A.B. asks: 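Encoded as C-alpha cells, here's the structure I'll be asking about.
On a predicted model such as this, the values are computed, not experimentally measured, just so you know. So that the names make sense, note that chain A is the first sequence line, chain B the second, and so on, each numbered from 1.
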Amino acid sequence: MAARIHGGAGAGAATALSTFNPKKLVAPSRTNLPAARSSKRCIVAGGGSDASKSLSVRHSQKLIASAAVATKAETSATTGTGHELLLFEALQEGLEEEMDRDPHVCVMGEDVGHYGGSYKVTKGLADKFGDLRVLDTPICENAFTGMGIGAAMTGLRPVIEGMNMGFLLLAFNQISNNCGMLHYTSGGQFTIPVVIRGPGGVGRQLGAEHSQRLESYFQSIPGIQMVACSTPYNAKGLMKAAIRSENPVILFEHVLLYNLKEKIPDEEYICNLEEAEMVRPGEHITILTYSRMRYHVMQAAKTLVNKGYDPEVIDIRSLKPFDLYTIGNSVKKTHRVLIVEECMRTGGIGASLTAAINENFHDYLDAPVMCLSSQDVPTPYAGTLEEWTVVQPAQIVTAVEQLCQ
Amino acid sequence: MNNTCIWILAFEGFGREREALEETVLLRYEKSLTYLSFFLLQQHTTFFTLIRYCIFQITQKKKTFASFFSLLSKTKSTAEMALSRLSSRSTTLLQPFATTSLLRRRHISTDTTPITVETSLPFTSHLISPPSRAVETSSQELLSFFRDMALMRRMEIAADSLYKAKLIRGFCHLYDGQEAVAIGMEAAITKRDAIITSYRDHCTFLGRGGGLFEAFSELMGRTTGCSKGKGGSMHFYKKDASFYGGHGIVGAQAPLGCGLAFAQKYSKEEAVSFTLYGDGAANQGQLFEALNIAALWDLPAVLVCENNHYGMGTAEWRSAKSPAYFKRGDYVPGLKVDGMDALAVKQACKFAKEHALKNGPIILEMDTYRYHGHSMSDPGSTYRTRDEISGVRQVRDPIDRVRKLIIAHDIATEKELKDMEKEVRKEVDAAVAQAKESPIPEPSELFSNIYVKGFGAESFGADRKELRATLP
C-alpha cells in the first residue's frame, strides 16, 4: 500500500530503534535460501538471493541497522549460535524480553498468571514479574478487554490474551469501538498500544465454537492492525513488534502450531508488522497463505515440485493491511495467484485479498485469482468432516494444476 | 402549605425590622413571583423574596399597605402557635438575614472563610457508614458553583437551539438538570483524578476545564473542536485534564473506567477514577464484570450511577428489578446522594475518593433528573408528564438551590446573580458565534489519526513508485 510501509517498515521497528543498540537489531526483510526448498519444517534464516539483497538494501536506507543485516546472516546461518525452541516458547521469549525492556507492558487474560497460560505462552512470567504485571482475570472478556484498553489510554501497554480467539467475540464492542476507533474519535489525543492475542483456527476436533477464525470478523475494523504468525521466528518477531507498536495490534496464533520447533537467533530482532514473508521463491504461480495453511502449502509444494511446477509461496503475515508490495512483485513475476487460507469462504481474508489483487494487478494476471478457503460451515466434531472443512494439500495441488494449464 | 405560612414568616421578619420593611416595600422589585410558593416550602427562604411576595399580594389584590399590616397583626396569635411547629431548619436560616441590614450596597463576597451547610437530604448507605451531612464550603466556592452551573445550563440550552437550527446533527444528549453532579464532583477532586462518562458529556467536559469554544466547535463538526470535529457530541475528550470521554455505547465505559483505575494503581499515582454511567447502563453485564475485577484487585475506582430515572424512554421501575443502584454492588459499598445538591455531591465524592484510595471500589448513586428528553430527537414527554418536569424544576433545580444558599448567606444579591447569568449568556453566545465561523475539516483529515503513524494518508500505486493520490 503506502510507501510508508517501508519507512514504517520499521513501523514497528523505526520508532523502537531509537531506544536501543541498533547493532543488535535486525529488521529483517526475510527471504529463505533456495536451499530450504527441500520443504523442511525448520526454516533457516539466510541472507541470500538477489531478491532479498535488493530488499534489504532498501531497508537499510531507512533503518539505522544497515550493518545488522549482514551480521545477522552470519550468525545464524554460518555460526549456528541460535537456539532451538518451540513456537510457544518463542512467544514467551518475545513477551518476556519486552516486559523486561519496558515496565509499562503487562499481560492480562484468563489463567495467564499462576496457571502459566492455557498454552504455556505466559509460563513463568507471573513468578518473575508479579501479580500486578501478569494478571489473572475472571472470565469476563468484555470487561478485561475494556480494562486493557482503558489502561492503554493512560499509557500502559497491555497484552490481552483471549484463551481462544473465539471468546473475543464477547469483547467485540470493546475491540471495535474503543480499541480501533478511539484514536480517531478523540482527534489523536489517545493512543491505544494494546496487543490482543490468542490462538484461533481449526484444531483437532475441538468443536465448532472453539475452532473459529476471527480474522474475517475483525478485518473491517478501522484503526487496528492484524498479523498472523506461523513460525517460531516470526512469532517472536511479531510479538515484539506488536508490543512496541503504538497502534492496537491483533496477533493471531494457531492452536496447532504451538509445538513447532525452529532455531531462532540469539540476538534481539523484530519483524515488520506490515510485511509479508517470502517462504519459497518460484516462477510459475504465486501462492498466498498465512498461519497453518502455510504448512499445507509447503507440503503441496513438495508434490508440485516433483510434478515439475515451481510455486512461489508467500506467507502474507500481515492481514490488515495487506503487503501489496511484495504480493504485487510476485504477481508481476508469475501472473497467476492462488490464495490458500483457513478463513471462511464468505467475507474472509481471501475474499478481501482477491478483491485487492484484482483491483491493483488486473493487468498482470493471466488467469483469474483462485481462492481456496474453508467451507462455510461450523466446524464439525467428527474427524473426517473436520478434515474436509479445511483446505488439504491435495486440493492445493489440484488447484495449481488447474491454474497453470 | 398555604397562605397562613406565608403570613407567619412575613410576620417574623416584620416584627424586627419594621422601618426597613416599609422602605423596602417602596423600592421596585420584579413581579415574577410564581416560584415563591415553592420557595417557601423549603428551608432556604429569603427575606427579600418574602417582601416581594407581600408586594405582589398588595399590587395584585389591590390591598392597601395599611390593610396589609393589619392583616398581619391579626394573625399574630396563630403565628406564634404555628412557629413552634415549623422545622428547626427554616428558623435557623431565617436568622442571618433578619440581622443584616437590607439596604446596604455591598460587593459580591468572595472570601474563603468556611461556611458549613447541611445537605438537604441525608445520605443512604450500603455496607459503609455515610459521611456527615455538614459540608464545608465557602463564598467563593458557592459563587463558582453558581457561575459554572449557569454556564453549563446556558451551554445546553444554546446547544438545543443550535440543534434545531440544524447546525448540530446526529445525536445530542443534553445534561441540563444534572449540572450539580459534574460541578460537585469537580469540587472534590483534582485534575489528576480521571473521569470517564457516557455520551451525555458536554458539561462534564466543561467541568474538566474544557472551553466553550472547543465544545461548540466539536458539536458543529469543526476542526477547532476538542476532537477535531471527528468525534461529535458523544466523543468529547480532554487528555491533559484526565477526561477520558465521551462514549456512545451504553455501559462500554465501565470496563474502560476500571482500566483507568488499574493504570492508576499500576503507576502508583494516588489518584482515583470516576466512572459515570446511567440508570439504563446499570443493567449492563460488563458493569458487573468490571465491578468484580475492581473489587478483586482493589482498584481505586468510584462508580457513579447518575440516576435520572429514565433510560431513554423506559422508567427505572420498568427496567430494573432493584432500583437501589447503590446496593447493586452487593459486596461493594455504596452511597446514595441527592444529585441535585452540589454540596452533597461534593461531600460524597470527597468521601468516595478517600475510600477508593484505601479500600477499593465504591458505588455512588446520584439521584438526579434531566429536563430535556434523552436526546434532541426525544421530546421527553411521552413517558413522563410535563408537570413532573416542571415540578422538579421548581422544587429541586440545582442552580436555584445554590442561588438560594448564596442569597441566604448574603454572598451576593439577587440582582448580582442575575447579572452573572447575563454575563454567562453573553459568553456562551460569543463562543457560539466564534464556533460558527470556524473552519470545517479538510478532506485529508479523513485519513489522519487512524493509525498513529499517519499510515494511509498517501495512496501509492501498487509498485510504490507512483503516487496515486495525496490526501494533503
A.B. asks: Identify the two heavy atoms, one from B:Pro255 and one from A:Ala143, that lie closest to each other, and give their separation to 0.1 Å.
C.D. replies: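 Of all heavy-atom pairs spanning B:Pro255 and A:Ala143, the closest is CB-O, 3.3 Å.
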A.B. asks: Of the listed residues (A:Leu135, A:Ile327, A:Thr145), which shares the most heavy-atom pairs with chain B below a 4.5 Å separation?
C.D. replies: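 Heavy-atom pair counts peak at A:Leu135.
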A.B. asks: Which atoms of A:Met108 come close to chain B, meaning under 4.5 Å heavy atom to heavy atom: side chain ones, backbone ones, both, or neither?
C.D. replies: side chain
A.B. asks: Please classify the contact of A:Gln189 with chain B as side chain, backbone, both or neither, using a heavy-atom distance under 4.5 Å.
C.D. replies: both
A.B. asks: For A:Cys140 and B:Ile293: C-alpha separation, side-chain torsions, deciding distance, then whether side-chain contact (heavy atoms from CB on, under 4.5 Å) applies.
C.D. replies: CA-CA 9 Å; A:Cys140 46; B:Ile293 296 188; 3.6 Å; yes
A.B. asks: Under a 4.5 Å heavy-atom cutoff, which of B:Leu446, B:Leu291, B:Thr223 has the most pairs with chain A?
C.D. replies: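 The candidate making the most pairs under 4.5 Å is B:Leu446.
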A.B. asks: Can you tell if the side chain of A:Pro158 reaches within under 4.5 Å of the side chain of B:Phe262, non-hydrogen atoms only?
C.D. replies: no
A.B. asks: Between A:Thr154 and B:Gln264, is the side-chain contact (heavy atoms from CB on, under 4.5 Å) condition met? List the steps.
C.D. replies: CA-CA 8 Å; A:Thr154 64; B:Gln264 283 167 335; over 6 Å; no
A.B. asks: Please state whether the side chain, the backbone, both or neither of A:Asn142 comes within less than 4.5 Å of a heavy atom of chain B.
C.D. replies: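 For A:Asn142, the contact with chain B is made by backbone and side chain together.
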A.B. asks: Select one option (side chain, backbone, both, neither) describing which atoms of B:Leu296 are under 4.5 Å from chain A's heavy atoms.
C.D. replies: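 The side chain, not the backbone.
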A.B. asks: Could you have a look at A:Ala151, A:Gly188, A:Gly180, A:Ser186 and say which one has the most heavy-atom pairs with chain B under 4.5 angstrom?
C.D. replies: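 Greatest number of close heavy-atom pairs with chain B: A:Ser186.
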A.B. asks: Kindly indicate whether the side chain of B:His247, heavy atoms from C-beta on, has any atom under 4.5 Å from the side chain of A:Leu182.
C.D. replies: yes
A.B. asks: If I compare all heavy atoms of B:Trp297 with all of A:Thr137, which pair ends up nearest, and what's the gap?
C.D. replies: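 That closest heavy-atom pairing would be CH2-CG2, 3.6 Å.
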A.B. asks: Any non-hydrogen side-chain atom of B:Tyr451 less than 4.5 Å from a side-chain atom of A:Thr191?
C.D. replies: no
A.B. asks: Would you name the heavy atoms of B:Tyr266 and A:Leu156 that are closest together and state the gap between them?
C.D. replies: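 Result for this residue pair: CD2-CD2, 3.5 Å.
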A.B. asks: At under 4.5 Å between heavy atoms, what parts of residues 232-243 of chain B are in contact with chain A? List them by residue number.
C.D. replies: B:His235, B:Tyr237, B:Lys238, B:Lys239, B:Phe243
A.B. asks: Tell me, for A:Ile224 versus chain B, whether the close heavy atoms (under 4.5 Å) come from the side chain, the backbone, both or neither.
C.D. replies: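 Just its backbone gets close to chain B.
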A.B. asks: For the side chain of B:Ser227 and the backbone of A:Thr185, is there at least one donor-acceptor N/O pair under 3.5 Å apart?
C.D. replies: yes
A.B. asks: Who wins among B:Ala194, B:Gly285, B:Ala252, B:Ser267 for the most heavy-atom pairs under 4.5 Å with chain A?
C.D. replies: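 The candidate making the most pairs under 4.5 Å is B:Ala252.
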A.B. asks: Are there over 12 heavy-atom neighbours, none belonging to B:Phe171, within less than 6.0 Å of that residue's CZ?
C.D. replies: no
A.B. asks: Picking from A:Pro103, A:Pro193, A:Ala356, A:Gly146, which has the most non-hydrogen pairs under 4.5 angstrom with chain B?
C.D. replies: A:Gly146
A.B. asks: Roughly how far, to the nearest 0.5 Å, is the NZ atom of B:Lys230 from the NE2 atom of A:His183?
C.D. replies: 8.0 Å
A.B. asks: Can you tell me how far OH of A:Tyr184 sits from CD1 of B:Ile450, rounded to the nearest 0.5 angstrom?
C.D. replies: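 Going from the CD1 atom of B:Ile450 to the OH atom of A:Tyr184 covers 5.5 Å.
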A.B. asks: Heavy-atom pairs under 4.5 Å with chain B - which of A:Ile149, A:Asn178, A:Asn177, A:Leu170 has more of them than the others?
C.D. replies: A:Asn178
A.B. asks: Which one of A:Pro138, A:Gly148, A:Gly150, A:Gly155 has the most heavy-atom pairs closer than 4.5 Å to chain B?
C.D. replies: A:Gly150
A.B. asks: Determine, step by step, whether A:Gln174 and B:Ile249 satisfy the side-chain contact (heavy atoms from CB on, under 4.5 Å) criterion, reporting the C-alpha distance in whole Å, the side-chain angles of both residues, the deciding distance to 0.1 Å, and the verdict.
C.D. replies: CA-CA 9 Å; A:Gln174 298 291 347; B:Ile249 304 293; over 6 Å; no
A.B. asks: Heavy atoms only, distances under 4.5 angstrom: which of B:Cys226, B:Ala263, B:Gly257 has the most pairs with chain A? Name it, please.
C.D. replies: B:Ala263
A.B. asks: Side chain from CB out, backbone as N, CA, C, O: work out which of these in B:Leu287 comes under 4.5 Å of a heavy atom of chain A, or both, or neither.
C.D. replies: neither
A.B. asks: Just wondering, more than 12 heavy atoms not from A:Leu132 lying within 6.0 Å of its CG?
C.D. replies: yes
A.B. asks: Where does B:Leu260 contact chain A at under 4.5 Å (heavy atoms): side chain, backbone, both or neither?
C.D. replies: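 For B:Leu260, backbone and side chain are both near chain A.
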